[in-house]
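Input: a single structure, listed below in structure tokens.
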Amino acid sequence: MVAMTLDNENSESIFSVQDVSFKIGSIQILSHITIEINKHKITGIIGPSGSGKSTFLRLLNNLISPTTGKIFFNGQDIAEIPPTLLRKQIGLVQQRPYLFEGTVKENLLYGPKIWGIDYSEDDLLHLLDKVALPHEFLERDIEGLSGGEQQRVSLARSLANEPQVLLLDEPTSSLDVISEEIIESTLKRLSEERQVKVIIVTHSLEQTERLTEQLLFLKGGQLVETAPTEEFFTQYRNDEIRSFFKKKEEN
Amino acid sequence: MASELVAMIYQTLVEIWQALKEPNIWIRIGLSAILLLMLIGLSLWQRTNLESKLVWSFLRGFLQVVLFGSFLTVIFGIQKIWMQFLILLFMSAFAAFTNYQSYHYPKVLLIGLLAITASTMFIMSIVIFSGAIFAAIPNLPFKIEGIIPYPPQGEFVIPMGSMVISSAMRMSGIALERAKSDIIKSRGKIEAALALGDSPKNAVKTILKDSYKASLLPTINRVATLGIVSLPGLMSGMIIGGVPPIEAAVYQVVIFLMLLSAAFIASITTNMLFTKQFFTKREQINLVFLNELAQLEQKKAEERKNRQEKRRSWWRRKKQTEENQK
Ligand SMILES: Nc1ncnc2c1ncn2[C@@H]1O[C@H](COP(=O)(O)OP(=O)(O)OP(=O)(O)O)[C@@H](O)[C@H]1O
Ligand SMILES: [Mg+2]
């Protein structure tokens, strides 16, 4: 199992996606995506609804496998990494928070229990701080949590697993500005201090500006554009992106 | 072997013939026929159109019960253990097939067969051979019989086995249905568990733990009300047959334990084998299998609709002709 530490310092990119397509039955959901996602950066994925952003994230931690093409994680073909080990390293926060029955605490400890990570009561409270949840939530039953509270528990649950990579599917979509700010600073700290690689799907352009260094733009299952975030906002190189951003600004 | 069987069948037919000579049987049949006539009268009065069906069902049921009832005495008389097992195996296969007919999911025939035979054979082996162990020990102060007297008689093994089999069959079916609907319903939660690095087996356990509870509770409750609310047929029958009540009660409790174990083993086996298909080798939700299930479900719904439609149009036509006659 030592060989499976999944850390190959020689490889430049954390994910190397090579000509990946994904189909369900005869429906083409993603087509021919090729991209290198580099280390130590927060990457944003944007694009219209239904463009395949969530599907792309699910491919990265192997909840689904590409119909054709290959994905490498730290230089290793993910089809050859034991799935549970891969998913321990690559946390995924789903678009909708699916919590397990029980208390918030039980949810947070679900991953650590599998992996034998010890958590003290203090560690758990600290975890709640990171996602802008008050301490008294630890013993709350998940029944009756608001959508935004569930979303934060779901994020904290993934953080508890101490992943190397965090895939976030619109993690702040139903949060207020203050909670959003706290979570964004948590993400920044994670990526700067712990070198956790973050890939975030978002519909908020302000959020991409605040957080990300690299942006992918998906449309109709295709990777239309990828560039450093600043360039996206200074020069829209692509007609489709331009019209997408215009509509956004009008809203 | 074959001649033995022929002899047994002949013997049975002779016994039926003998029994039919007994006048009291005909008196009882005659009295029940009066009830049947009354039913037909009620049916005619209320224009239910069930008369022919009534007569036909009762005739058929009567013949079946006379025939199979008599063969039961043959089966109950079987002494050879391997033959007893063979009969249980046949009954298990039939039960698995019955399950398959009502669910039709992929591989369900095989899964049911494994779940039902495994639980039945396991439990019946304990029942049958518990006596064998004691029989092998020399110089016991008195003869220890085991759960049932050893060597086992068909009259014990077959009815017990049939109860165990039907319990296993029911639970295997319930487990299938629950596993299917729970996994589909909780797909997001399962994927959340997988995304944390959990194994499919464990993820499903998290989801299905309530489903065991729901399927085993009715039997457990029956045990809890034993003797006050539920007076099971077996115990009552034994007491009527002259067995001391305490002995009958002990048998009944043992039987309930057997039924519960069979139910538990059958649902665990079914769950393990059936839920496997919901996942791929890469420990993902198996989209192809879900698709297959959805299509099956759709087909079933369509068939149901067609049948309803047919029945409705039959009624319409019937009413039409009635009105025309008027
Ligand atoms: N299991 C499925 N069966 C059929 N179609 C699917 C399935 N999963 C996803 N799709 C389709 O694939 C496309 C991409 O879906 P995906 O969820 O990846 O989009 P998205 O970019 O995340 O959208 P949103 O911004 O609304 O979350 C959509 O058109 C969706 O309907
Ligand atoms: Mg999405």
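Keep in mind that this is a model prediction, so the values were computed, not measured. Letters A, B, ... are given to chains in the order of the sequence lines, protein chains preceding strands, and every chain is numbered from 1.
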[X], [atom1]: over 12 other non-hydrogen atoms inside 6.0 angstrom:
{"X": "Lys300(B)", "atom1": "NZ", "value": "yes"}
{"X": "Glu143(A)", "atom1": "CD", "value": "no"}
{"X": "Lys180(B)", "atom1": "NZ", "value": "yes"}
{"X": "Trp314(B)", "atom1": "CH2", "value": "yes"}
{"X": "His135(A)", "atom1": "NE2", "value": "yes"}

Nearest-0.5 Å distance that lies between atom [atom1] in [X] and atom [atom2] in [Y]:
{"X": "Lys88(A)", "Y": "Asp198(B)", "atom1": "NZ", "atom2": "CG", "value": "13.5 Å"}
{"X": "Ile24(A)", "Y": "Leu287(B)", "atom1": "CD1", "atom2": "CG", "value": "5.5 Å"}
{"X": "Glu191(B)", "Y": "Tyr98(A)", "atom1": "CD", "atom2": "OH", "value": "8.0 Å"}

| field | Residue Leu194(B) versus chain A: region with a heavy atom under 4.5 Å | value |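 Interface part for Leu194(B): both.
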| What part of Asn62(A) lies closer than 4.5 angstrom to a heavy atom of chain B: side chain, backbone, both or neither? |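 Answer is both: backbone and side chain atoms of Asn62(A) are under 4.5 Å from chain B.
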| query | Does Gln284(B) reach the side chain of Arg58(A), with side-chain heavy atoms less than 4.5 Å apart? | reply |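 A side-chain contact under 4.5 Å is absent here.
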| task | Answer whether the closest heavy-atom distance between the side chains of Arg87(A) and Leu196(B) falls below 4.5 Å. | result |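 A side-chain contact under 4.5 Å is absent here.
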Work out which heavy atom in [X] is nearest to a heavy atom in [Y]; give both atom names and the distance.
{"X": "Ile114(A)", "Y": "Gly197(B)", "result": "CG2-O, 4.0 Å"}
{"X": "Ser65(A)", "Y": "Arg282(B)", "result": "OG-CG, 4.2 Å"}
{"X": "Tyr110(A)", "Y": "Ala203(B)", "result": "OH-CA, 4.2 Å"}

| message | If you count heavy-atom pairs within less than 4.5 Å of chain B, which of Leu167(A), Ile90(A), Leu99(A) leads? | response |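 Looking at each of Leu167(A), Ile90(A), Leu99(A) in turn, Leu99(A) comes out on top.
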